[in-house]
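Report on the structure given below.
Bear in mind the structure is a predicted one, so any value in this text is a computation, not a measurement. Note that ligands are numbered from 1 as they come in the structure, with each ligand's atoms numbered from 1 the same way.
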Amino acid sequence: MTSEREFTGQVALVTGASRGIGAAIARRLAADGAFVYVNDRDPNEAAKSVASGIREAGGRAEAVFADVADTQAVEAMFRAVESEHGRLDVLVNNAGIVKDGLLATMRDQDWQRVLDVNLGGAMICTRRALRLMMPARRGRIVNTSSIQALRGGRGQANYAAAKAGLLAFTRATALEVADRGIRVNAVLPGFIDTDMTARVKRVGGDQVLERIPVGRLGTPDDVAGVVRFLCSADAEYVTGQGFVIDGGLTIS
Ligand code: NAI
């Protein structure tokens, strides 16, 4: 049964949580009682202010910094989590970047960095989190994929490949750890109103809106609610799945 404070006593780490979708997920889990580690790549005020905002609202949170694509930095971040709490109940692999460009002229580094952060980062963090979750025989992991994993997307061969890879990674990992009490799922947001989509909104906002059946862009909270559900006891029998959150865009 879902209680008002679903995650009381639990520890969560949300990557890429200094703004946008990750910040909304961090706030949501904290509002439901979790101690939340608010990760971002480099030390910055935005991540610290997400954490202090959570504390001011009566929650518990701390900013932690590591480039998710850097194994050593991730190791140091998890060691801090381990020594402070000795447990990790929820990992949300949300950090993501775009480096759009047509494939014919795509630079090697733009291909590689997008794969390294969006897909490699989830692998590095998940692998490390399992060392805490497997002995506890409990854990929930949510990976932030994208509807571009299903649809492709002009100028996003790198991003679409990474996000599709993340879906396959979700299923394979879910299979490996299901008997350890660990569930692994993915969310596939559509067009969510954040910094990442600001340019598209500026140049083609009306056209995008026309294609969204519910008639509005998504908000970070639209995604956070589904992530919260996937991490909750209500989703205890759900693993290896991808949940599209797009206001009907992919069915239109
Ligand atoms: P955003 O650009 O507003 O935020 C991304 C966050 O990730 C920032 O805090 C950034 O500093 C952090 N980050 C970037 N590289 C990092 C790294 N190497 N290590 C740690 N943190 C890093 O993006 P938004 O829109 O909030 O996206 C969050 C996730 O949702 C991403 O994975 C994105 O691909 C995915 N997504 C977003 C959609 C949208 O419409 N905004 C649609 C579908 C998926």
### Task
Check step by step if salt bridge (Lys or Arg N to Asp or Glu O under 4.0 Å) holds for D222 and R216.
CA-CA 12 Å; D222 287 325; R216 66 170 177 85; 2.8 Å; yes
### Task
Check the pair L13 / F78 against side chain to side chain contact (heavy atoms under 4.5 Å, CB included), numbers first and verdict last.
CA-CA 9 Å; L13 192 156; F78 273 82; 4.3 Å; yes
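In terms of N/O distances under 3.5 Å, ligand 1 is approached by Y159. Of the polar atoms of G190, at least one N or O is found under 3.5 Å from an N or O of ligand 1, judged by distance alone. Annotation: G20 places no N or O atom under 3.5 Å from an N or O atom of ligand 1; distance criterion only.
Scanning the protein heavy atoms around atom 28 (C) of ligand 1, the nearest turns out to be N94 OD1, 3.3 Å. Atom 13 (N) of ligand 1 has as its closest protein heavy atom D40 OD1, 3.8 Å. The closest protein non-hydrogen atom to atom 6 (C) of ligand 1 is G16 O, 3.4 Å. Of the protein's heavy atoms, R19 NE, 3.0 Å lies nearest to atom 3 (O) of ligand 1. The nearest heavy-atom contact from the protein to atom 24 (P) of ligand 1 is T194 OG1, 3.6 Å. Looking only at protein heavy atoms, the nearest one to atom 43 (C) of ligand 1 is P189 O, 3.3 Å. For atom 9 (O) of ligand 1, the closest non-hydrogen atom on the protein side is S18 OG, 2.8 Å. Nearest to atom 40 (O) of ligand 1 among the protein's heavy atoms is I192 N, 2.8 Å.
The side chain of V117, and not its backbone, has at least one atom closer than 4.0 Å to an atom of ligand 1 (non-hydrogen atoms only; side chain from C-beta on). The part of I97 lying near ligand 1 is the side chain, judged by heavy-atom distances below 4.0 Å. Counting heavy atoms under 4.0 Å from ligand 1, residue N39 touches it through the side chain alone. The proximity of F191 to ligand 1, defined as any non-hydrogen pair under 4.0 Å, is limited to the backbone. Under 4.0 Å from ligand 1, the heavy atoms of T197 that appear belong solely to its side chain. Heavy atoms of M77 found under 4.0 angstrom from ligand 1: none, in either backbone or side chain.
Contact annotation: A66 has at least one heavy atom less than 4.0 Å from an atom of ligand 1. Residue contacts with ligand 1 leave out Q148, since none of its heavy atoms falls under 4.0 Å from the ligand. Assignment of K201 to the shell around ligand 1 is not supported, since no heavy atom sits closer than 4.0 Å. Residue contacts with ligand 1 include D67, since one of its heavy atoms falls under 4.0 Å from the ligand.
Atom numbering of ligand 1 starts at 1 in the shown order; those under 4.0 Å from a heavy atom of R113 are 18 (N). Remark: ligand 1 atoms within the under-4.0 Å shell around heavy atoms of G96 are 5 (C), 7 (O), 14 (C), 31 (C), 32 (O). For ligand 1, the atoms lying closer than 4.0 Å to a non-hydrogen atom of S146 are 43 (C), 44 (C).
Among G120, S145, A95, the residue whose heavy atom sits closest to atom 22 (C) of ligand 1 is A95. For atom 30 (O) of ligand 1, the nearest non-hydrogen atom from the set T144, L166, V223 belongs to T144. If you check each of V92, I21, L217, V14 against atom 26 (O) of ligand 1, the one with the closest non-hydrogen atom is I21.
D40 places no side-chain N or O within donor-acceptor distance of the main-chain N or O of G16, the cut-off being under 3.5 Å. Proximity of a side-chain donor or acceptor of D195 to a complementary backbone N or O of R19 within less than 3.5 Å is not detected. With hydrogens and angles ignored, the 3.5 Å screen pairs no side-chain donor or acceptor of N143 with any backbone N or O of A186. Counting only distance, with no hydrogens or angles, the side chain of S252 and the backbone of R211 share a donor-acceptor pair below 3.5 Å.
The pair D100-R199 does not count as a salt bridge, with every side-chain nitrogen at least 4.0 angstrom from each carboxylate oxygen. Classification of R113 and D67 as a salt-bridged pair holds, one side-chain N sitting under 4.0 Å from a carboxylate O. A salt bridge does not link R55 with E62: none of the charged nitrogens is closer than 4.0 Å to a carboxylate oxygen.
None of N158, L166, I97 except one satisfies the side chain to side chain contact (heavy atoms under 4.5 Å, CB included) rule with N118; the exception is I97. Of the listed residues (T126, T144, T15), just one forms a side chain to side chain donor-acceptor pair (under 3.5 Å) with N93, and that residue is T126.
Listed by chain and residue number, nothing satisfies the salt bridge (charged side-chain N to carboxylate O under 4.0 Å, His left out) test with R180 (two or more places apart in sequence, or in another chain). Remark: D110 pairs with R107 by the salt bridge (charged side-chain N to carboxylate O under 4.0 Å, His left out) rule, at least two apart or across chains.
The aromatic rings of H85 and Y37 lie perpendicular to each other, with more than 60° between the two planes, well past the 30° mark.
Within a 6.0 Å radius of CD in E236, other residues, nucleotides and ligands contribute more than 12 heavy atoms. For D108, the CG atom sits in a loose shell: 12 or fewer heavy atoms of surrounding residues, nucleotides or ligands are nearer than 6.0 Å.
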